[in-house]
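Below: one structure, written as structure tokens.
Residues: numbered from 1 along the sequence shown. Computed from a prediction, not measured in an experiment: that's the story for all the values here.
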Amino acid sequence: MEKIEMQPVREKVVTALRKAIFEGELVDGQEITQEEIANKLGISRMPVREAFRILETDGLLKIMTRKAVVLAFTEDDFKDNMFIRSVIEGEAAARACIHHRDFSRLEEIQEKMKEAIKKQDLETYVQANIDFHGTIWDYSQSNRFKVLLNQTFNGIMFDIPLLVPGHMEKSIQEHEKIIEALKSGSPERAAEAMRYHISRGAGNFVDYRSQFNFKDE
């Protein structure tokens with residue numbers, strides 16, 4: 001039997017706050033406090049404090065004395081981030097194709113993601129998706145790529161599957177194509193499949209986000 005993975009309360013608070021910022025429930029310049037969020041979510045202040053620090057690193061909050069201020073989430077920032085990620089991760093997939101031959105680990109993760117979708121187990125899906133991409137980064141044998149990709153694969157990137165309807169099903173199909181490309185031994189195919197996957201996800205996110213009122217710069 002596999003170990004049961006429990007998501008820390010801190011991560012659940014982070015996801016809830018990202019969603020609130022994404023959907024405009026929390027707006028640019030709005031002041032929030034640990035006590036306020038803890039009361040709304042029915043939890044202690046400790047995980048809220050930790051979540052605030054994570055969101056400050058993501059650039060979504062600015063922590064001040066006894067409060068935090070919500071920062072604008074702009075479409076241009078998101079597009080720039082995803083463009084950078086698509087370029088680097090596309091090359092990481094190409095190098096994984098060159099340096100690695102056994103992709104059974106990716107197939108195992110893919111099956112876990114399919115099962116998570118059937119059960120609507122979103123937490124397991126999100127973690128498996130992170131594992132899928134992280135495994136390809138490892139196969140690229142480039143520590144520098146891993147550092148740069150960790151910087152771009154953060155913040156709201158983690159929660160796109162939770163926010164955008166239909167994203168998980170499309171991602172599963174695209175993961176299949178990425179695995180096929182890797183197994184084909186063609187670095188060009190692998191890079192193209194990965195770039196398409198990231199670009200498509202970014203486009204769907206922007207389209208869905210347009211339903212809400214956001215400050216764009």
Side-chain angles (χ1 to χ4, degrees), residues 10-32 37 50-64 67-94 122 125-126 129-130 132-134 136-137 140 142 144-171 173-175 177-178 190-217:
R10 172 191 69 238
E11 298 300 330
K12 293 182 178 181
V13 177
V14 169
T15 295
L17 289 172
R18 283 181 186 142
K19 189 173 190 294
I21 294 171
F22 169 75
E23 295 185 347
E25 182 181 345
L26 297 176
V27 299
D28 180 42
Q30 182 175 343
E31 297 179 356
I32 57 177
I37 300 302
E50 294 172 347
F52 275 18
R53 290 172 181 158
I54 292 172
L55 292 171
E56 184 176 44
T57 300
D58 292 345
L60 296 177
L61 288 182
K62 180 178 181 180
I63 297 177
M64 305 175 71
K67 64 184 178 182
V69 178
V70 177
L71 301 179
F73 179 72
T74 71
E75 186 174 305
D76 285 344
D77 288 342
F78 176 77
K79 287 180 176 179
D80 288 346
N81 187 86
M82 293 302 275
F83 173 74
I84 293 168
R85 182 185 155 202
S86 70
V87 172
I88 300 173
E89 194 160 5
E91 181 60 24
L122 301 183
Y125 177 93
V126 168
N129 184 57
I130 293 170
F132 183 90
H133 287 271
I136 293 174
W137 304 351
S140 75
S142 171
R144 187 58 182 163
F145 279 0
K146 289 172 64 176
V147 170
L148 293 171
L149 286 166
N150 271 312
Q151 292 173 352
T152 61
F153 198 78
N154 63 5
I156 210 155
M157 307 302 110
F158 291 134
D159 295 325
I160 287 179
L162 309 181
L163 299 171
V164 181
H167 178 83
M168 292 187 292
E169 292 78 7
K170 290 179 181 177
S171 285
Q173 295 173 2
E174 291 160 4
H175 283 187
K177 293 185 180 301
I178 290 170
E192 182 179 359
M194 181 61 77
R195 286 195 297 265
Y196 176 83
H197 173 55
I198 296 169
S199 298
R200 193 277 312 159
N204 282 180
F205 178 84
V206 171
D207 290 343
Y208 184 65
R209 178 180 181 271
S210 66
Q211 300 176 43
F212 304 94
N213 294 321
F214 277 82
K215 177 181 177 180
D216 288 315
E217 295 177 350

Query raised in the report: So with a 6.0 Å cut-off around CD of Glu25, is the heavy-atom count from everything else above 12?
Result: no
Report task. If the plane angle is over 60° it's perpendicular, under 30° parallel, otherwise tilted; pick one for His197 and His133. Result -> parallel
Requested in this report: Just jot down the salt bridge (Lys or Arg N to Asp or Glu O under 4.0 Å) partners of Lys79, sequence neighbours excluded, or say none.
Outcome: Glu75
Query raised in the report: Going from CD on Glu89 to CZ on Phe145, what distance comes out if it is rounded to the nearest 0.5 angstrom?
Result: 10.5 Å
Query raised in the report: Salt bridge check: are Glu174 and Arg200 linked by an N-O gap of less than 4.0 Å?
Result: yes
Query raised in the report: Do any N or O atoms from the side chain of Glu56 and from the backbone of Ile63 form a donor-acceptor pair under 3.5 angstrom?
Result: yes
Report task. Using atom types as modelled and distance alone, determine if a side-chain donor or acceptor of Gln173 lies under 3.5 Å from a backbone N or O of Lys170. Result -> no
Query - Pair His167-Ser171, side-chain donor/acceptor within less than 3.5 Å - result: yes
Query raised in the report: So how far is it from Trp137 CH2 to Leu148 CG, rounded to the nearest 0.5 Å?
Result: 10.5 Å
Report task. Nearest 0.5 Å please: distance from the CE atom of Met82 over to the CZ atom of Arg85. Result -> 5.0 Å
**Report entry** Leu122 and Met168: CA distance, side-chain angles, deciding distance, side chain to side chain contact (heavy atoms under 4.5 Å, CB included) verdict
**Finding:** CA-CA 9 Å; Leu122 301 183; Met168 292 187 292; 3.4 Å; yes
Requested in this report: Take Leu55 and Leu60, measure what side chain to side chain contact (heavy atoms under 4.5 Å, CB included) needs, and give me the verdict at the end.
Outcome: CA-CA 5 Å; Leu55 292 171; Leu60 296 177; 4.0 Å; yes
Query raised in the report: Should we count CD of Glu192 as having more than 12 external heavy atoms under 6.0 Å?
Result: no
Requested in this report: Please check if the side chain of Asn129 supplies one atom and the backbone of Tyr125 the other of a donor-acceptor pair under 3.5 Å.
Outcome: no
